[in-house]
Amino acid sequence: MISVNDFKTGLTVEVDGDIFTVLDFQHVKPGKGAAFVRSKLKNLRNGNTVERTFRAGETIGRAIIENRGVSYLYASGQEHTFMDNETYDQFTLNSDQLEWELNFLKENMNVNIVSYQGEILGINLPTSVELKVVETEPGIKGNTATGATKNAKLETGLNVQVPLFINEGDVLLIDTREGKYISRA
C-alpha cells in the first residue's frame, strides 16, 4: 500500500482493480476543508486517461510492473509473435494491443514487454528507431523559403513529414513517442 501523498510521476498503482500509471498530480490545500490530491492517471490495460481526486493520506495499492526484454519475430494476420530473450518462450499479442507500436515494429527488433502478475499489458519501444523510406516524391530545389517538408512512407507503413532532401531508400531515425522524423540514420 502507498499513500497518495507519496505520488510521483511514473508510479504505477492499482485503483478499483485496474492498473494505472501516474501522469500528473497536484497536492491541494484549500483554505477551508481537508487537503486532497488531484491526479491524472493512465490506465495501462486500455490506454484511457482519467482524472481522479483522492483525500490526503488515503492509501491505495502499489502495482509492481515487470519489464522483460523480448524480440519481435513475425506477424501472422492479426497475431504478432514475440520471443522472450532469456527463456526463449514464444507468445503472441493481438493487433488491438499494439495499435501505435505497429508503426515502428520490424522483424527481429528488441523491445521490452510490460506485464503485471503475468498479464501482458503492452510493449515499450526504444525512444527512436531506424526505418527505411519506401515512397516519397522527389524534392524540387529552389521552391523553399524556410524548412519545407514533404510526405514519406516508411517500410512499416507509417507516413511522416520529412525535409525535401530525403529520397527513397534513405534510412531515417524516427521518434517512437510522437512518430516524427529526427534525422538521417
Side-chain angles (χ1 to χ4, degrees), residues 8-12 19-24 40-51 65-86 88-116 120-185:
K8 290 179 176 49
T9 303
L11 180 74
T12 51
I19 297 103
F20 294 91
T21 186
V22 178
L23 299 177
D24 191 26
K40 185 184 274 190
L41 307 171
K42 180 180 179 184
N43 189 324
L44 293 179
R45 287 194 172 116
N46 59 25
N48 293 343
T49 302
V50 296
E51 292 198 13
I65 300 296
E66 182 184 351
N67 284 306
R68 291 191 328 261
V70 298
S71 295
Y72 176 60
L73 296 179
Y74 60 89
S76 176
Q78 294 293 310
E79 300 289 314
H80 300 273
T81 304
F82 294 84
M83 179 182 67
D84 191 310
N85 292 341
E86 292 176 16
Y88 303 109
D89 292 335
Q90 291 187 10
F91 58 92
T92 60
L93 293 177
N94 199 317
S95 292
D96 297 338
Q97 293 175 283
L98 303 171
E99 287 180 39
W100 175 251
E101 291 85 354
L102 288 177
N103 290 318
F104 309 101
L105 277 177
K106 295 193 309 186
E107 289 185 2
N108 301 318
M109 183 179 188
N110 287 325
V111 295
N112 283 328
I113 199 84
V114 179
S115 63
Y116 174 70
I120 296 171
L121 300 173
I123 63 171
N124 280 342
L125 295 167
T127 54
S128 61
V129 293
E130 293 181 1
L131 296 173
K132 187 176 182 181
V133 176
V134 293
E135 186 181 316
T136 187
E137 305 113 26
I140 300 165
K141 223 176 191 179
N143 64 352
T144 64
T146 59
T149 60
K150 62 182 180 179
N151 199 35
K153 186 174 183 177
L154 305 177
E155 61 187 304
T156 59
L158 179 67
N159 287 312
V160 295
Q161 292 294 313
V162 297
L164 294 177
F165 60 81
I166 300 295
N167 299 312
E168 286 185 23
D170 288 355
V171 178
L172 307 179
L173 205 58
I174 304 295
D175 185 337
T176 58
R177 296 166 296 198
E178 298 178 11
K180 292 186 178 177
Y181 164 85
I182 299 173
S183 68
R184 282 187 184 166

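Values below: every heavy atom of this structure, side chains too, minus hydrogens, waters and symmetry copies. This one's a predicted model, so the numbers in the text were calculated from it and none came from an experiment.
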Notebook entry, point to check: Where is the tightest heavy-atom contact between Y74 and E107, given as atom of each residue plus distance?
Noted result: CB-OE2, 4.1 Å
Item checked: Spacing of CG belonging to N43 relative to CG belonging to N48, to within rounding of 0.5 Å -> 6.0 Å
Notebook entry, point to check: Would V22 and K8 count as a side-chain contact (heavy atoms from CB on, under 4.5 Å) if you check the C-alpha gap in whole Å, the side-chain angles of each, and the deciding distance to 0.1 Å?
Noted result: CA-CA 7 Å; V22 178; K8 290 179 176 49; over 6 Å; no
Notebook entry, point to check: Distance from Q161 atom CD to I166 atom CD1, nearest 0.5 Å?
Noted result: 12.0 Å
Checklist line | Audit row: M83, Y88, side-chain contact (heavy atoms from CB on, under 4.5 Å) steps and yes/no | finding: CA-CA 6 Å; M83 179 182 67; Y88 303 109; 4.0 Å; yes
Notebook entry, point to check: Does any N or O in the side chain of E135 come within less than 3.5 Å of the main-chain N or O of K153, such that one atom is a donor and the other an acceptor?
Noted result: no
Check: Would a distance-only check, ignoring hydrogens and angles, find a side-chain to backbone donor-acceptor pair under 3.5 Å from K42 to T21?
Finding: no
Check: Minimum heavy-atom separation for F82 to L105, with atom names?
Finding: CZ-CD1, 4.1 Å
Margin query: So does N94 get a backbone contact from the side chain of Q97, meaning a donor-acceptor N/O pair under 3.5 Å?
Written below: yes
Next item on the list: Using the test salt bridge (Lys or Arg N to Asp or Glu O under 4.0 Å), find all partners of R184 that sit at least two apart in sequence or belong to another chain.
Entry: D170
Check: Between L121 and Y116, what is the shortest heavy-atom contact and its length?
Finding: CD1-CB, 3.9 Å
Item checked: Side-chain (T176) to main-chain (T127) donor-acceptor, under 3.5 angstrom -> yes
Notebook entry, point to check: Taking all non-hydrogen atoms of both residues, which atom of E130 and which atom of L173 are closest, and how far apart?
Noted result: CG-CD1, 3.7 Å
Notebook entry, point to check: If you measure from OG1 on T9 to CG on L23, what distance do you get to the nearest 0.5 Å?
Noted result: 8.0 Å
Notebook entry, point to check: Can you tell me how far CH2 of W100 sits from CZ of R177, rounded to the nearest 0.5 angstrom?
Noted result: 11.5 Å
Checklist line | Beyond-backbone contact of H80 with L98, side-chain heavy atoms, under 4.5 angstrom | finding: yes
Note to self: I'd like to know whether V111 forms a side-chain contact (heavy atoms from CB on, under 4.5 Å) with N124, so could you lay out the CA-CA distance, the side-chain angles of the two residues, the decisive distance to 0.1 Å, and finally the verdict.
What the structure shows: CA-CA 6 Å; V111 295; N124 280 342; over 6 Å; no
Notebook entry, point to check: Should we say atom NZ of K132 is surrounded by more than 12 heavy atoms from elsewhere, each under 6.0 Å from it?
Noted result: no
Checklist line | Heavy-atom closest contact (G77 atom, S95 atom, distance) | finding: O-OG, 4.5 Å
Next item on the list: Apply the side-chain contact (heavy atoms from CB on, under 4.5 Å) test between I174 and each candidate in V160, I182, V162; give the one that qualifies.
Entry: V160
Notebook entry, point to check: Could you go step by step and tell me if I123 and L125 meet the side-chain contact (heavy atoms from CB on, under 4.5 Å) rule?
Noted result: CA-CA 6 Å; I123 63 171; L125 295 167; 4.1 Å; yes
Notebook entry, point to check: With N167, which residues qualify under side-chain hydrogen bond (donor to acceptor under 3.5 Å, both in side chains), at least two apart?
Noted result: none
Check: Residues in side-chain hydrogen bond (donor to acceptor under 3.5 Å, both in side chains) with N110, at least two apart?
Finding: S71
Check: side-chain contact (heavy atoms from CB on, under 4.5 Å) with I113: which of L93, N67, D84?
Finding: L93
Next item on the list: Please check if the side chain of T156 supplies one atom and the backbone of N103 the other of a donor-acceptor pair under 3.5 Å.
Entry: yes
Checklist line | Rounded distance (nearest 0.5 Å) linking atom CG of L73 with atom CZ of F91 | finding: 9.0 Å
Notebook entry, point to check: Taking all non-hydrogen atoms of both residues, which atom of P163 and which atom of K150 are closest, and how far apart?
Noted result: O-CE, 3.8 Å
Notebook entry, point to check: At what distance, to the nearest 0.5 angstrom, does CD1 of I120 lie from CZ of R68?
Noted result: 6.5 Å
Check: With no hydrogens and no angle check, is any side-chain donor or acceptor of T136 less than 3.5 Å from a backbone partner on N151?
Finding: yes
